[in-house]
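In what follows, a single structure is set out as structure tokens and then discussed.
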Amino acid sequence: MWSSFLSVVGAAPIQASGEYSITLLIFALQDFGESGVNVMAIVILSRGKCGLSTCITRYLVAMAMADLLVVINEVILYRISYSYFRGSFLDITPACSVIIVLSHVSTNTSVWFTVTFTFDRFVAICCRKLKTKYCSQQTAAVVITTTCILICLKSVPFYFTLEPREVIDHVPWDCLTKESYFSEPGWMAFDWFDSVLTPLLPFALILLLNALTVRYILAASRVRKGLRGQSEGEIHTDPEMESRRKSVILLFTVSGSFILLWLTTVIEFLYHNITQANYADYNDSQIIFEQVGYMLQISSSCTNTFIYGVTQTRFREQFKILVSSPVKLIVKLIK
């Protein structure tokens with residue numbers, strides 16, 4: 001019922017007042033900041049001067065663009081506009097229906113781009129024979145495009161699950177999920193399919209791929225140390241292992257961040273389905289837990305940029321150049 005819950009809550013958020021208004025203000029400030037860092041990440045990575053392969057760069061740019069769309073669709077167009085700009089054209093049923101569909105698309109692409117990136121790094125590290133064919137910029141472009149198309153097709157049905165909350169002067173306003181979505185077998189099966197597809201299956205795949213990668217690295221490290229005759233007291237430089245180490249750090253920080261920030265949402269989903277709890281009957285602590293999960297989920301749309309900055313030296317260098325360039329230009333104009 002995870003997708004059903006997003007449709008219900010996404011279709012009719014609480015109006016801004018009191019503590020909720022303050023929370024939304026914090027969300028607004030946070031998400032405008034996230035938008036900025038994602039745009040900077042896209043610009044820096046697109047220049048191709050971070051010392052990363054074209055294949056990795058394409059995945060990282062796609063992830064940054066998906067994260068940016070999450071902020072625009074899920075928070076700015078939906079949460080903030082509904083709570084602070086009531087009565088705008090965005091509240092008309094066709095418009096808010098499109099926003100909800102776009103929110104599903106952006107969230108799903110953000111999640112699945114993380115999976116495709118994780119799989120690409122798994123192949124590069126663990127599958128030497130497949131690496132040459134799969135880890136290429138052409139394959140990355142095909143995988144990214146195919147993922148986008150499939151997710152868009154999967155999200156289109158959500159448009160037809162919504163109906164107006166009210167009709168004023170023949171104009172339909174706001175969006176509510178139809179009752180048939182919760183009772184008809186076809187829609188119930190679709191809801192389960194959507195819930196498994198995001199985030200349960202990606203969560204399981206990332207954990208599995210990371211576990212297999214760790215096992216391969218440990219085994220390969222032992223073999224290489226044995227071949228090089230390295231004892232505990234000796235220190236040898238191994239360029240291949242150093243390169244692999246940097247790749248693994250980037251992989252584990254990106255996928256690990258996703259797992260940690262989505263964990264609360266996954267736990268809440270499992271709790272809801274195991275206990276058959278009704279969202280309308282949630283007490284304060286359950287609502288807080290669910291909202292914390294939502295906040296962490298949205299926060300995952302900006303962490304990758306900071307991860308690049310921490311793990312990639314050249315990314316930090318390009319970031320400094322990008323930030324300092326306007327300042328130097330202004331100083332030059334003043335002089």
Side-chain angles (χ1 to χ4, degrees), residues 30 33-46 48-68 70-71 107 109-127 131 135 140 143-144 147 198-199 202-218 220-221 240-266 293 295-320 322:
Q30 171 189 345
E34 291 177 1
S35 301
V37 296
N38 281 320
V39 170
M40 295 186 71
I42 293 170
V43 173
I44 293 172
L45 292 169
S46 299
K49 297 181 179 180
C50 296
L52 301 170
S53 67
T54 308
C55 175
I56 296 178
T57 300
R58 287 198 172 185
Y59 282 113
L60 296 183
V61 170
M63 292 164 64
M65 293 182 68
D67 291 341
L68 178 61
V70 169
V71 175
T107 301
T109 51
S110 176
V111 170
W112 278 97
F113 283 162
T114 304
V115 176
T116 56
F117 169 74
T118 303
F119 182 75
D120 177 84
R121 292 299 86 201
F122 166 76
V123 172
I125 295 171
C126 305
C127 308
K131 176 182 177 180
C135 300
V143 170
I144 292 170
T147 302
T198 306
F203 205 82
L205 287 175
I206 289 175
L207 286 174
L208 175 63
L209 291 172
N210 282 344
L212 293 174
T213 303
V214 169
R215 187 181 69 172
Y216 177 87
I217 290 172
L218 293 176
S221 179
E240 183 174 344
M241 290 301 294
E242 181 64 20
S243 175
R244 182 180 297 173
R245 185 184 69 84
K246 293 180 179 180
S247 180
V248 166
I249 290 174
L250 178 60
L251 166 64
F252 286 175
T253 49
V254 170
S255 57
S257 171
F258 168 81
I259 290 172
L260 290 175
L261 293 175
W262 276 81
L263 182 60
T264 305
T265 298
V266 172
M295 180 184 68
L296 293 175
Q297 171 192 325
I298 295 297
S299 298
S300 68
S301 63
C302 74
T303 55
N304 288 341
T305 304
F306 295 105
I307 288 171
Y308 308 151
V310 172
T311 62
Q312 304 295 312
T313 303
R314 292 191 181 182
F315 184 91
R316 292 196 298 272
E317 294 173 353
Q318 292 298 314
F319 177 82
K320 292 177 182 178
L322 184 63

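For this chain, numbers begin at 1 and follow the sequence in order. These numbers come from the heavy atoms of this one structure, side chains and all, not from hydrogens, waters or symmetry mates.
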Rounded to the nearest 0.5 Å, what's the gap from [atom1] on [X] to [atom2] on [Y]? Could you check?
X	Y	atom1	atom2	value
F252	T118	CZ	OG1	9.5 Å
I44	K49	CD1	NZ	11.5 Å
I206	L251	CD1	CG	9.0 Å
M295	T264	CE	OG1	8.5 Å
N38	M40	CG	CE	11.0 Å

With [X], which residues qualify under side chain to side chain donor-acceptor pair (under 3.5 Å), at least two apart?
X	answer
S255	N210
T147	none
S110	D67

Given side chains that start at C-beta, do those of [X] and [Y] come closer than 4.5 Å, heavy atoms only?
X	Y	value
L212	C126	no
M65	T109	no
V143	Y59	yes
T57	C50	no
W112	L205	yes

(request) Measure the acute angle between the ring planes of F319 and F315, then classify it against the limits of 30° and 60° as parallel, tilted or perpendicular. (result)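 Judged by the thresholds at 30° and 60°, the geometry between F319 and F315 is parallel.
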
Run the side-chain contact (heavy atoms from CB on, under 4.5 Å) test against [X] and tell me which residues pass, sequence neighbours left out.
X	value
L207	F203, I259
I56	L52, S53, L60, F117, R121, L250
T253	I249, I307, T311
L261	S257, L296, S300, T303

Shortest non-hydrogen contact between [X] and [Y], atoms and distance:
X	Y	answer
I125	I217	CG2-CG1, 4.0 Å
T265	G293	OG1-O, 3.2 Å
I144	R58	CD1-O, 3.5 Å

(message) Using the ring-ring contact (aromatic ring centres under 6.0 Å, His included) criterion, which residues pair with F258? Sequence neighbours excluded.
(response)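 Partners of F258 under the ring-ring contact (aromatic ring centres under 6.0 Å, His included) test: W262.
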
